[in-house]
Every structure is written in structure tokens, then in C-alpha cells.
Amino acid sequence: MTKKTVTEQYPDTQPELPPRSRGVIGLFEENCTVCMLCARECPDWCIYIDSHKETIPAATPGGRERSRNVLDRFAIDFSLCMYCGICIEVCPFDALFWSPEFEYAETDIRDLTHERDKLREWMWTVPAPPALDPGAEEPKELAAARKTAQKLAAQQQAAQEEPTAPAEPQEGES
């Protein structure tokens, strides 16, 4: 009561959010093993996951083939989500995170079901956790993400630099 009230002029000026604020859920796809814990524990059943099994050949001769789940679809219906964070807490592989993004309104309620590509975009807005030790090594999640990003960049650069060979004249042409 003793302070002057201040009106934030949103959307002209963005609000200053506290660190680690909850906005929307981001997906770090590389860590997802399709264990379905997040979908099973969700009280609103707003997480949709589809997967298939792939067989991995034996690493050594005479070894056994292995199978693993491959993520086909990961979607969250934010029109149903109650932002409780249970899915983030139960994820044993740190594939889900809170992102501070909060501007994802849609004009149609059916557009509030966001697929894994949109959830991945929000993953890059997740702030890094505070370092436990100044001399600690980089977290494996960040190293994996950096490696994937560098690999994609190298592939794109190689595709752009690939020279196109001039067509050789065929018989009868001069």
C-alpha cells in the first residue's frame, strides 16, 4: 500500500519473469526412451505417444540382437493440461522440462495440441540449471544436444557446398 502501482505495458514490453518460471513443457527428444511414464501418470491424459520397435543388430559376432522403442509421435494437448508438472517429475531420463515461454495462444482450441517439433522448439528456451561446481564437466544432455546440432549443421553445409557436375554431351551432340 505504500508503493506506487506500476502497470506493465504488455505486449509492448515483455515482463521480467523469475528464473525457472513455468510456462510450457519442452521435449528433449534424444532423451526420450518411450517408457510412457509421463502419459500414464498424467491426471488429464493429455499426452499422446506413439512408437514402434526397431531391431538393432548384434554388436559382436555371435551376440544377441536387441530391440528398442523409436518415438513416432509425442504430443501434448495444452487445452487439457493443468500444468501440474507430474510428467516432468516422473520422467526418469530428463526428456521433459519447463520452458518459460508463455505466449502460445491459438484462435482454435484444436490447435493447442502441439506435436514434438513444436515441443522441441520450446526446449531451446529452457534455462540451464545452476552449476553445482564451477569445475564440473558439461552435462551429458547439453553435450548430446550440441553434438546433434553440429552434425546437422555439417550435413547442411555439405549439401550446400556439393558442386553440381556439368552434364557431359552425349553422342550426336556438339
Side-chain angles (χ1 to χ4, degrees), residues 11-17 19-36 38-39 47-60 63 65-78 81 87-88 91-108 110-131 134-174:
D12 296 330
T13 59
Q14 293 295 319
E16 289 186 31
L17 298 174
R20 313 294 297 171
S21 61
R22 290 182 175 192
V24 71
I25 298 168
L27 170 68
F28 190 58
E29 196 172 330
E30 285 81 10
N31 285 0
C32 184
T33 61
V34 196
C35 66
M36 306 279 196
C38 55
I47 299 175
Y48 309 108
I49 301 174
D50 291 330
S51 67
H52 69 276
K53 289 198 179 277
E54 273 186 3
T55 304
I56 301 171
T60 59
E65 289 184 339
R66 307 240 180 229
S67 66
R68 71 177 182 112
N69 289 327
V70 177
L71 186 64
D72 292 328
R73 178 179 186 224
F74 193 104
I76 299 177
D77 188 351
F78 286 105
C81 182
C87 57
I88 296 169
C91 183
F93 301 103
D94 290 333
L96 297 173
F97 294 89
W98 282 116
S99 168
E101 291 292 317
F102 62 92
E103 297 176 314
Y104 54 94
E106 299 288 344
T107 55
D108 188 0
R110 291 172 289 195
D111 295 334
L112 283 172
T113 300
H114 295 292
E115 299 292 331
R116 69 181 182 181
D117 57 339
K118 186 67 174 173
L119 298 174
R120 182 169 183 85
E121 286 176 27
W122 285 325
M123 182 60 209
W124 304 117
T125 63
V126 173
E137 40 183 79
E138 181 179 46
K140 63 183 180 203
E141 293 86 5
L142 293 177
R146 185 171 288 112
K147 183 178 177 182
T148 303
Q150 288 172 347
K151 189 162 117 181
L152 289 173
Q155 288 175 350
Q156 290 174 352
Q157 185 178 10
Q160 290 175 354
E161 292 177 358
E162 186 175 295
T164 55
E168 295 184 21
Q170 296 185 3
E171 285 185 36
E173 294 182 17
S174 44

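For clarity, every value in this text was computed on a predicted model and none was experimentally measured.
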- Query: Taking the side chain as C-beta and beyond, is there a heavy-atom pair between F102 and P15 under 4.5 Å?
  - Reply: yes

- Measure the spacing between OG of S99 and CH2 of W124 and express it to the nearest 0.5 Å. 12.0 Å

- Message: Taking CD in E103 as the centre, count heavy atoms belonging to other residues, nucleotides or ligands within less than 6.0 Å. Is the count above 12?
- Response: yes

- Query: Nearest heavy-atom pair of T113 and R73: which atoms, and what distance?
  - Reply: CG2-NH2, 4.2 Å

- Message: If I take atom CD1 from residue I76 and atom CD1 from residue I49, how far apart are they, to the nearest 0.5 angstrom?
- Response: 8.5 Å

- Partners meeting side chain to side chain donor-acceptor pair (under 3.5 Å) with Q156 (sequence neighbours left out): none

- Task: Any chance you could measure T55, atom OG1, to R66, atom CZ, to the nearest 0.5 Å?
- Result: 12.0 Å

Indicate every side-chain donor-acceptor pair of residues 23-32 with a distance under 3.5 Å to a residue at least two apart or in another chain.
residue, atom, partner, partner atom, Å
E29, OE2, R116, NH1, 3.2
E30, OE1, R120, NH1, 2.9
E30, OE1, R120, NH2, 3.3
E30, OE2, R120, NH1, 3.4
E30, OE2, R120, NH2, 2.9
N31, ND2, F93, O, 3.3
N31, ND2, D94, O, 3.0

- So does Q14 have more than 12 non-hydrogen atoms from other groups sitting under 6.0 Å from CD? yes

- Query: For residues 149-159, which residue pairs qualify under salt bridge (Lys or Arg N to Asp or Glu O under 4.0 Å), counting only residues two or more places apart or in two chains?
  - Reply: none

- Query: Are E121 and K118 close enough for a salt bridge, meaning some N to O gap below 4.0 Å?
  - Reply: yes

- Item | Euclidean distance, L142 CG relative to E137 CD, rounded to 0.5 Å | 12.0 Å

- Message: Distance check, rounded to the nearest 0.5 Å: N69 atom CG versus S51 atom OG?
- Response: 4.5 Å

- Task: Hey, can you tell me if H114 and W122 have their rings parallel, tilted or perpendicular (30° and 60° cut-offs)?
- Result: perpendicular

- Query: Say you draw a straight line from CZ of F74 to SG of C38; how long is it, rounded to the nearest 0.5 Å?
  - Reply: 4.0 Å

- Message: Just so I know, are the side chains of V34 and M36 near enough to count as touching, which here means a heavy-atom distance under 4.5 Å?
- Response: yes

- Item | Least distance between heavy atoms, V126 atom then W98 atom | CG2-O, 3.5 Å

